[in-house]
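So the structure is just underneath, and the comments pick up after that.
Index from 1, following the sequence. All heavy atoms count here, side chains included; hydrogens, waters and symmetry mates do not.
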Amino acid sequence: LLGRVSQFANVLKSQGVACGDRVIIYMPMTIEGVVAMQACARIGATHSVVFGGFSAKALQERIIDVGACAVVTANFQMRGGKELPLKSIVDEALSLGGCEAVKSVIVYQRTASSVNMVAGRDLTFSQAQAGQSTECPPEPVGAEHPLFVLYTSGSTGKPKGAQLTHRGCVNNIFSALFSNLSQMTAQCLVEGKEPPNASDPGQKQLAAIIATPLFHVTANNAVAQVVTVSGGKIVHTYKWDAGDALRIIEEEKITNFSGV
């Protein structure tokens, strides 16, 4: 994961994305979405994940409001065995006007179907990553540097963006996820036992399973960042039943569940 994140961070930098810039992520439920989020964080760019079911107009509003200079998307997403468009919606959103700041659109080939690619603006993941190093030193940023912006649905008016900082997102949620470890420590002290070592992966291995209809919402954005900070594991899935859930939880030793 580190190699893929670093490589995509270099892709973003090669497309002119720098610390403080904004990037829209309009992706299906894939690991590439997580890679894109963490690549933005690695270079100090602020990302905004847009729900893959939103219309071109909804996407355009968020591109304009956040001031995005790049969009990361896919050609299609798969739902119920059918291809649903993403790249064509991005094209429509950009054609509505006000998105002139967007200079790059990076497209993950989720399916084999071809889509319109605008010369000088659009690149596939494979094209963009060709020759890029898998090493990229992280950009030092302050604790209050913006990590991501999440928008309300806009169902009752203009979408409102909530900005989360690096410290506010990662530290607070990291603490919440590991609150049970603190409880274990307190109990050990009461019983006169040696507390577990939080730095020992054998004592506490965080594994989170994320199940959503489409790649979006605060929980998934935050968990994707926080679980990897902890040295844990993320299991993504988009199609399952109760039997699958129990099997995956048992096989992967899942400790946290996030879903919609």
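For the pair E32/I106, no side-chain contact is recorded, criterion being any heavy-atom separation below 4.5 Å from C-beta on. In this structure, R110 and L86 have side chains that are not in contact, with every pair of non-hydrogen atoms separated by 4.5 Å or more. Side chains of F76 and V115 form a contact here, defined as non-hydrogen atoms less than 4.5 Å apart. Between M27 and V72, the closest side-chain pair of non-hydrogen atoms falls below 4.5 Å. No side-chain heavy atom of Q109 sits less than 4.5 Å from a side-chain heavy atom of S126. Here the side chains of I64 and C99 are in contact, with some heavy-atom distance below 4.5 Å. The shortest distance between side-chain heavy atoms of V105 and K87 falls below 4.5 Å. Contact check for L12 versus R42: no side-chain heavy atoms found under the 4.5 Å cut-off.
For F54, the ring pair (Phe, Tyr, Trp, His ring centres under 6.0 Å) criterion is met by F51, not counting sequence neighbours. Checked against side-chain contact (heavy atoms from CB on, under 4.5 Å), S133 has the following partners two or more places apart in sequence or in another chain: N10, E135.
Linking ILVMFWY residues whenever their side-chain heavy atoms come closer than 4.5 Å, directly or via other members, places Y26 and V149 in the same cluster. V102 and L96 fall into different hydrophobic clusters, defined by Ile, Leu, Val, Met, Phe, Trp and Tyr side-chain heavy atoms under 4.5 Å apart, directly or through other members. In this structure, V11 is a member of the same hydrophobic cluster as V5, with clusters built from ILVMFWY side-chain heavy atoms closer than 4.5 Å. A continuous path of Ile, Leu, Val, Met, Phe, Trp and Tyr side chains, each step under 4.5 Å between heavy atoms, connects F125 with V17, placing both in one hydrophobic cluster. Under the 4.5 Å side-chain contact rule for hydrophobic residues, L94 and L123 do not share a cluster.
The side-chain hydrogen bond (donor to acceptor under 3.5 Å, both in side chains) contacts involving residues 58-74 comprise K57-Q60, D65-Y151, where partners must be two or more places apart or lie in separate chains.
Smallest separation of non-hydrogen atoms from G16 and D21: O-OD2, 3.6 Å. When all heavy atoms are compared, the tightest approach of C19 to V141 is SG-CG1, 4.0 Å. Taking each heavy atom of P146 and T46 in turn, the nearest pair found is O-OG1, 3.1 Å. The shortest non-hydrogen separation linking A93 to A56 is CB-O, 3.3 Å. Heavy-atom minimum distance, S6 versus T134: CB-O, 3.2 Å. Looking at every heavy atom in both residues, Q77 comes nearest to G52 through NE2-O, 3.2 Å.
Remark: the backbone N or O of Q7 is not paired with any side-chain donor or acceptor of Q132 at under 3.5 angstrom. Without hydrogens or angle criteria, N75 side chain to S113 main chain gives a donor-acceptor distance under 3.5 Å.
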Just do the side chain to side chain contact (heavy atoms under 4.5 Å, CB included) check on E83 and M78 with the steps written out, would you?
-> CA-CA 5 Å; E83 288 185 337; M78 296 299 298; 3.6 Å; yes
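Atom OG of S48 sits about 10.5 Å away from atom CD of Q163, to the nearest 0.5 Å. Rounding to the nearest 0.5 angstrom, the gap separating the SG atom in C69 from the CD1 atom in I24 is 10.5 Å.
Ring geometry for H145 versus H166: interplanar angle of 30 to 60°, hence tilted.
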